[in-house]
Protein chains: 2
Amino acid sequence: MERRKFLKDVLKAGVGVTAGLTVGSALSFASQGKIELPLPYVKLDPKKVADRAYDGYYEHECAYGVFNAVIGELQRKVGGPYLGIPTLMFWYGGGGAAGWGTLCGTLNAAGAIFNLTCKQKDFKAMIDTLYEWYQTTPLPTYIPCKGNWCKQPFPKGVSHSPLCHVSVQRWCKNASVYFGRPILYNSKERSERCARLSATVAAKVVEMLNDYHFGNFKPHKVKGSQKTKMDCRLCHEVTMKELS
Amino acid sequence: MERRKFLKDVLKAGVGVTAGLTVGSALSFASQGKIELPLPYVKLDPKKVADRAYDGYYEHECAYGVFNAVIGELQRKVGGPYLGIPTLMFWYGGGGAAGWGTLCGTLNAAGAIFNLTCKQKDFKAMIDTLYEWYQTTPLPTYIPCKGNWCKQPFPKGVSHSPLCHVSVQRWCKNASVYFGRPILYNSKERSERCARLSATVAAKVVEMLNDYHFGNFKPHKVKGSQKTKMDCRLCHEVTMKELS
């Protein structure tokens, strides 16, 4: 708290001070377009960030939902270098990048967040840890406290992939069994699933960051077959022999 | 000590932001935490940006290569709001996001660039136009003016997909035929291909942005089968009848 108050006081009066003290070096620094990473991280509340990601999804989709929830909280609590990052820039990540069904937007945003807030030697292992969790865990687990859906049971799915298309299709299949009727991509149920997924992933990212910065968490690297860490059989018709 | 280090980190990271903006606008950013998009765009030189992307690839991989080349040039020529964006934040996009082989990092970076610099109604169509070009064009076309490879002929490939894994594997297959020996993922030739691809995509992004902002270019939306714009047959064993 003391640290936070100190920072707040500095920032309140500090923009002028910073500029005043270091205009020369700052201008050359700025002209090179370099801001040193990682940016400072303070502990965030996963529940609060999750709620914000859920709402954010319904504003500008999944990637923005996650990015704005985490970076938005850091803008509020740390300020400084975070204030120069327009969180709306991750809108494009929605639906696996403008609907192309590639990398799940929640994971895309998470990659950028880890890149911004973790040491160079660690951010890829943070990504590995998150993506592996994502593709092996029944999701979404977040339950909203408002809206039409909060009181109803809601289906989960294991994606087996970081790809939007695969993740969504697997969930829709599960959800169709769960609801006893076809749940299509363009349904409200699928949107709600992606809103809850945004909240779930945002909370997980913050839990990982809290543990990494203030606990003993060590991220682990995922090794994969030659170049991709995904299961080859997702796309390729291959025998077990070929995979081994 | 901790307090002092934390403040030092904040100031180190924040100095570019405060210096690049006027004190007044920086303070209003600080209070609102919002930067309006799109950011102002000025005409850039595709060749210059391509050279920068080529070099950037060998520093921090493909997504950084493209993002830093375009946004770095805008930081230099426009300054202002661009100075608060740490271009290194796109390092994670390399190899389809930390090597996961999903969305090609050059396309990931391009998505963020269009999101930052084009109107809300247009940035997804800009992405569609770029991704469609990417997956149907023999790439890379950029030829570096330095290094071991500049004087030698260099193979191209059509990716048929925005996915890193698919794009790289198809190129490796072509390159193996071209060179008459197996070109593997971990080869220098593959790295050089991705460096040239970063340069090629960065130049294309700038050509599109120049035409969009200062010419008559209208981006077009790509419609796809229900939810993804990729060719289903890339991953699914399906008949033509099922696709129609």
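Naming convention: chains lettered A, B, ... in sequence-line order (proteins, then strands); numbering from 1 in each chain.
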Measuring heavy-atom distances to chain A, does [X] have an atom under 4.5 Å in its side chain, in its backbone, in both, or in neither?
X	result
B:Gln135	side chain
B:Phe123	side chain
B:Phe90	both
B:Leu116	side chain

Residue among B:Leu39, B:Leu163, B:Leu103 with most heavy-atom pairs under 4.5 Å to chain A: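 Highest number of heavy-atom pairs under 4.5 Å: B:Leu103.
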
Measuring from [X]:[atom1] to [Y]:[atom2], what's the distance to the nearest 0.5 Å?
X	Y	atom1	atom2	value
A:Thr87	B:Ile35	OG1	CD1	8.5 Å
B:His60	A:Asn115	NE2	CG	10.0 Å
A:Asn108	B:Tyr92	CG	OH	3.5 Å
A:Tyr131	B:Thr102	OH	OG1	6.0 Å

Minimal non-hydrogen separation, A:Trp91 against B:Lys124, with atom names: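 Shortest heavy-atom separation between A:Trp91 and B:Lys124 comes out as NE1-NZ, 3.9 Å.
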
Atom of B:Pro86, atom of A:Ile85 and distance for their closest heavy-atom approach: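 Scanning both residues, the minimum pair turns out to be CD-CG1, 3.8 Å.
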
Under 4.5 Å from any heavy atom of chain B, what part of [X] do you find: side chain, backbone, both or neither?
X	answer
A:Leu88	both
A:Leu37	side chain
A:Phe114	neither

NZ/B:Lys77: more than 12 non-hydrogen atoms of other groups inside 6.0 Å: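 Correct, the count exceeds 12.
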
